[in-house]
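Residue numbering restarts at 1 for every chain, and letters A, B, ... go by the order of the sequence lines.
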Amino acid sequence: MKLSRRRRQRIARIGGYVVFALVLLAVAGSADWGRLSEAFFRLDVAGSMFPEAITIALRNTVAYTLLAFVFGLSVGLVLALMRLSSIGPYRWLATAYIELFRGLPALLVLFMVGYGVPLAFPDREIPGGVYGSVTVGLGLTAAAYMAETIRAGIQAVPRGQLEAARTLGMSHTRAMISIVLPQAFRIVIPPLTNEIILLTKDTSLVYVLGVTSTTIELTKFAGDSLNTRVNPTPLVVAGLLYLVVTLPLSQLVRGLERRAARER
Amino acid sequence: MTTMSTIEISGLHKSFGTLEVLRGIDLAVEPGEVVCVIGPSGSGKSTLLRCVNLLEEPTSGTIRVAGVEVTDPDCDIDAVRRGIGMVFQQFNLFGHLTVRENVTIAQRRVLKRNRAEAARVATENLARVGLTDKADAYPAQLSGGQQQRVAIARALSMDPQLMLFDEPTSALDPELVGEVLAVMRGLAAEGMTMLVVTHEMAFAREVASRVVFMDAGVIVEQGPPARVFGEPREDRTREFLHRVLEPTRVSETEIGAHLPGNRGSGTDDPDP
Ligand SMILES: Nc1ncnc2c1ncn2[C@@H]1O[C@H](COP(=O)(O)OP(=O)(O)O)[C@@H](O)[C@H]1O
Ligand SMILES: [Mg+2]
């Protein structure tokens, strides 16, 4: 018997699902669910983490993320404009910065800002305590990535937009501010939202700066609970709280990208 | 002293790297004149137009617009550009702004007109191009012909003394060309000084006070449209007009030379 192409495709697809389900069942069946839930899903342990898990830990995670994002965005914008400058040294400086900070682990940069800056400038300190150090420490790395994103966004605005603005008598600066940058930012909103998601997760590195009970963030908070309760349930709680922040953001990115695709 | 020319170009040269695109252009446009520039693709028409408002920096030569030497390094080019409207082949409307904002933003930011005044001038010029009802639309919601008319209104709202058009209808579907040409015809009738690069020979013949034929970076000949179209003096002009006015009669060997299959590559040719 000869099968039609559509029949064959459907059989192949169903076969794929069956294999996938079997593998899943095999893995799930071989796990010891009793011991697993005993370890990771203890309601009493989870309950003892609240409300601090939200009022302090999650709040600080979000605060660190937003601070680093705003700082990184500002520095990133300046770097992007320098990268596109007609002045050579600006371009070289921005390129060097971007290559350097994209090549270094975020943890290392955070360390250097946390411990290097106080050594280098003993009589001065970054304002805002840990908040300030995190803003700069995570923001410097984020700036390098965002600079490249923003540069690509500016370059994606057709050259004719700048020319039309200049033709109407606008200065280069005015044309950038009123015409090019607003359109560039529309283009880069999805990738920048992705950057917020990455930053949210990077705030788990903040513990290396030595946080206190008021400046603690989710990962460190979960780690501490893990030590005192000798039970890993806090890790699950922290994971879920991260997802509370990151999943809506991913959803947002997907929606924005879909809208952008429609507008093309 | 005689009256001042609106545009006065002399000895204009422009090179991109080693490619010499303009090779000595002398051209004057008097107030109220409509000068149409015609010529084959790549002959330097756009570059000539873009030199007039310094979107391209001339390599040598001088250009005066209303008596101001724009090629002088000390010239305030932003101020000169305010007086020169330019309409592009690709419209170049600001995509993030509504039609009204497109027409008001430069009035507000450059001429420092207040909101009410800018809106009034915008409405006036949108009426001139027949688009008052589209003031709140975004460019993407308009047809190409409507977008180009908004672009004209945007340029007019700066009260220019000179309008440059670079193939304003070349990106339009054929049925939308007429509405844009009608607006331009109206402008010409009102006495606007215009320098127009176009492939619309009927428009040039009817509206132009002078037709300039360019080829390979030089002005080959110029004169009243009836003369240039009716009895061209140069072989190159005759050849060009023959090709654009009677495209179906161009010999097959001439067309064949332009097809990709006849270039010897043939690899990217999708045909079997
Ligand atoms: N920015 C540029 N850089 C390099 N070459 C250019 C540039 N602009 C135009 N040219 C070249 O100059 C020549 C004339 O171009 P253009 O003035 O656009 O001709 P036209 O408008 O008559 O078709 C073409 O060969 C084109 O490739
Ligand atoms: Mg051209």
| field | Interchain contact, A:Arg166 with chain B, by part (heavy-atom threshold 4.5 Å) | value | both
| note | So, the part of A:Ala165 with a heavy atom under 4.5 Å from chain B: the answer is both
At a heavy-atom separation under 4.5 Å, does [X] approach chain A through its side chain, its backbone, both, or neither?
X        : answer
B:Ile84  : backbone
B:Phe88  : side chain
B:Met86  : both
B:Arg154 : both
B:Leu93  : backbone

| field | Between CD1 on residue A:Ile150 and CG on residue A:Leu84, distance to nearest 0.5 Å | value | 10.5 Å
Can you tell me if [X] has over 12 outside heavy atoms packed within less than 6.0 Å of its [atom1]?
X        : atom1 : value
A:Arg10  : CZ    : no
A:Arg254 : CZ    : no
A:Arg159 : CZ    : no
A:Tyr90  : OH    : no

| request: Identify the residue among B:Glu33, B:Glu30, B:Arg64 that makes a side chain to side chain donor-acceptor pair (under 3.5 Å) with B:Ser5. | output: B:Glu30
| When heavy-atom pairs shorter than 4.5 Å are enumerated against chain B, which of A:Ala175, A:Pro158, A:Gly169 gives the highest number? | A:Gly169
| request: Before accepting this row, confirm whether a basic side-chain N of the pair B:Glu20/B:Lys14 lies closer than 4.0 Å to the acidic partner's carboxylate O. | output: no
| Max heavy-atom pair count under 4.5 Å with chain A, selected residue of B:Leu97, B:Leu55, B:Asn53, B:Leu164 | B:Leu55
